[in-house]
Asker: 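One structure, pasted below without further comment.
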2 protein chains.
Amino acid sequence: MLSIGELSRRTGVKVPTIRYYEQMGLMAAAERSGGNQRRYGREDLERLAFIRHARDLGFEIERIRELIALSHHPKDACEGADRIALAHLADVREKIDKLKKLEHELERIVSHCSGHTVEDCYVIRALSDHGLCDHEH
Amino acid sequence: MLSIGELSRRTGVKVPTIRYYEQMGLMAAAERSGGNQRRYGREDLERLAFIRHARDLGFEIERIRELIALSHHPKDACEGADRIALAHLADVREKIDKLKKLEHELERIVSHCSGHTVEDCYVIRALSDHGLCDHEH
DNA sequence: GCTTGAACCTCTAGTTGCTAGAGCAATTAT
DNA sequence: ATAATTGCTCTAGCAACTAGAGGTTCAAGC
């Protein structure tokens, strides 16, 4: 059995975060030692690795909860998991698009800044005057 | 003088958000009517538009506070504003890079999912087994 | 067996940028 | 004059943690 610190070291998930996941119901309530400390087995390790991996990929906790539920029904169709992953992918793409627009707008603003005082600083002026923008945002 | 609702309509910033900006010190504490309601002038309108614009571009409130402070010293060099904008641009680019890596990983996972049950669902398996990943994330 | 220090426990509050709601006062329109 | 709308303050909630206080347990060395 692993202590919470050991589990943390092996998964790269911080100790308070593990406790947080337990509180959120992502991790099952851990077994306890005589002195009320958490003890983890191999299954816990695997589940935490799963959670960590999914978080790294940007899945929300609620989605991870759903994915865990699905993984407990191996006979069910994997449509659910697929749908969750595709929705997330769409989400990621949307964020990329928005950030790229921001990137271009910022590039434009910064590259125009040739002044040496705030009076003719394009950064400040562009922010003050929406009319200097290319498009809505 | 404008009421907070009028100001909201003209800038597209919601009423509670305007009050929030005042609380955060981004907006100066507004003048009040006899009945203690906020009243705004042209300067307030301009400042709120500036804030809105900067938020739309993704600047943090703390950065906006700095930009406002800079804009009040028109004789100072605009280096500061430039630095803030460039740092933000770098930030945005970093986020884009990270999201693109996520995008590719998710695409790979989703496209491999040919199974019909969770047992051979690549989405679930990829999340369980880090070894199925291309690279760290 | 005792002591020390690290790791553990629970609980509360803070982070960011708002948003929602309760309960009441002021303003505006009819 | 009255009703509808808008305004006020204050508190709490969101997501996903992180930090700290104040106290307990564990493992190792002497």
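So you know, we letter chains A, B, ... as the sequences are listed, proteins then strands, and number each from 1.
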Asker: Who are the side-chain hydrogen bond (donor to acceptor under 3.5 Å, both in side chains) partners of B:E46, not counting sequence neighbours?
Answerer: B:R42

Asker: What pairs with B:E22 under salt bridge (charged side-chain N to carboxylate O under 4.0 Å, His left out), at least two apart in sequence or on another chain?
Answerer: B:R32, B:R38

Asker: Suppose we screen for ring pair (Phe, Tyr, Trp, His ring centres under 6.0 Å). Which residues come up paired with B:F59, at least two apart in sequence or across chains?
Answerer: B:H88

Asker: With a 4.0 Å limit, can you tell me whether A:S33 has a side-chain N or O closer than that to the phosphate oxygens OP1/OP2 of D:dC26?
Answerer: yes

Asker: For the pair made of CD1 in B:I18 and P in D:dT6, what is the distance, rounded to whole Å?
Answerer: 14 Å

Asker: Mind checking whether B:L86 and A:L106 have side chains closer than 4.5 Å, heavy atoms only?
Answerer: no

Asker: What string of B, S and - do you get for nucleotides 9-19 of chain D, 5' to 3', if B is base contact, S is sugar-phosphate-only contact and - is no contact with any protein heavy atom under 4.0 Å?
Answerer: B------BBS-

Asker: Check every nucleotide of DNA chain C for an atom under 4.0 Å from a heavy-atom of chain B, then give the first and the last such nucleotide from 5' to 3'.
Answerer: C:dG17 to C:dT27

Asker: Between B:G34 and A:Y40, which residue's closest nucleotide on DNA chain C lies nearer the 5′ terminus?
Answerer: A:Y40

Asker: Report the residues that fulfil side chain to side chain contact (heavy atoms under 4.5 Å, CB included) with A:E103, sequence neighbours left out, ordered by chain and then residue number.
Answerer: A:K100, A:E107, B:L89, B:V92, B:R93, B:I96

Asker: For residues 1-14 of chain B, which side-chain donor-acceptor pairs fall under 3.5 Å, sequence neighbours excluded?
Answerer:
| residue | atom | partner | partner atom | Å |
| --- | --- | --- | --- | --- |
| B:S3 | OG | B:G5 | N | 3.4 |
| B:S3 | OG | B:E6 | N | 3.2 |
| B:E6 | OE1 | B:R10 | NE | 3.0 |
| B:E6 | OE1 | B:R10 | NH2 | 3.3 |
| B:E6 | OE2 | B:R9 | NH1 | 2.5 |
| B:S8 | OG | B:V13 | O | 2.7 |
| B:T11 | OG1 | B:L7 | O | 2.8 |
| B:T11 | OG1 | B:V13 | N | 3.3 |

Asker: Once salt bridge (charged side-chain N to carboxylate O under 4.0 Å, His left out) is applied, do any residues pair with B:D97, and if so which ones, sequence neighbours excluded?
Answerer: none

Asker: With sequence neighbours left out, write down each residue that passes side-chain hydrogen bond (donor to acceptor under 3.5 Å, both in side chains) with A:R63, or none if nothing qualifies.
Answerer: A:E60, A:E66

